[in-house]
Amino acid sequence: MNGIIEYKTALFIGDVLRDLLENNRKKLTEQQKDKDCGVEIYENTLDFCTQLEYAIKQIERFKK
């Protein structure tokens with residue numbers, strides 16, 4: 001392939017990434033409330049959310 005993804009594929013990937021982001025944001029909220037949740041675990045989830053947000057922005061470029 002030449003690095004181009006189809007519009008439908010971009011839509012699907014965007015939807016999957018948004019679902020993942022939503023689920024991980026919920027997980028962050030739960031981790032904040034959990035006194036036994038370690039800082040490293042919370043930070044890993046936060047980093048993953050940041051990566052998802054970046055990936056979503058990149059996918060959005062294909063939808064235009």
Side-chain angles (χ1 to χ4, degrees):
M1 287 185 79
N2 57 6
I4 298 174
I5 61 173
E6 292 181 20
Y7 181 77
K8 283 183 178 181
T9 303
L11 287 177
F12 174 75
I13 292 170
D15 288 345
V16 170
L17 292 175
R18 279 187 286 282
D19 286 346
L20 266 173
L21 181 59
E22 182 180 333
N23 289 335
N24 278 277
R25 283 181 174 161
K26 288 177 185 176
K27 196 182 291 186
L28 275 175
T29 302
E30 292 169 12
Q31 289 173 349
Q32 285 176 327
K33 295 175 184 177
D34 184 359
K35 296 174 186 171
D36 295 325
C37 180
V39 173
E40 185 176 353
I41 293 170
Y42 177 82
E43 288 177 348
N44 287 341
T45 306
L46 185 60
D47 288 344
F48 187 59
C49 286
T50 302
Q51 291 173 338
L52 288 169
E53 289 168 349
Y54 176 78
I56 290 167
K57 287 178 185 173
Q58 295 303 308
I59 287 295
E60 290 293 322
R61 294 183 354 194
F62 290 102
K63 291 170 54 175
K64 294 181 179 180

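For reference, positions follow the sequence shown, starting with 1.
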Euclidean distance, [Y] [atom2] relative to [X] [atom1], rounded to 0.5 Å:
| X | Y | atom1 | atom2 | result |
| --- | --- | --- | --- | --- |
| Lys27 | Ile41 | NZ | CD1 | 10.5 Å |
| Leu11 | Glu60 | CG | CD | 9.0 Å |
| Phe48 | Asn23 | CZ | CG | 10.0 Å |
| Ile13 | Gln58 | CD1 | CD | 12.5 Å |
| Leu21 | Cys49 | CG | SG | 5.5 Å |
| Ile56 | Gln51 | CD1 | CD | 12.0 Å |

- Backbone N or O of Leu20 within a donor-acceptor pair of the Asn24 side chain at under 3.5 Å? yes
- Does CD in Glu40 sit with more than 12 non-hydrogen atoms of other residues, nucleotides or ligands closer than 6.0 Å? no
- What pair of heavy atoms forms the shortest contact from Ala55 to Leu17, and how long is it? CB-CD1, 3.8 Å
- Note on the structure: On a heavy-atom basis, the closest approach of Tyr42 and Gln32 is OH-NE2, 3.1 Å
- Query: Of the options Val16, Thr9, Asp15, which is the one that meets Phe12 in a side-chain contact (heavy atoms from CB on, under 4.5 Å)?
  - Reply: Val16
- Quick one: do Glu53 and Arg25 make a salt bridge, cutoff under 4.0 Å? yes
- Salt bridge Glu22-Arg18, side-chain N to carboxylate O under 4.0 Å: no
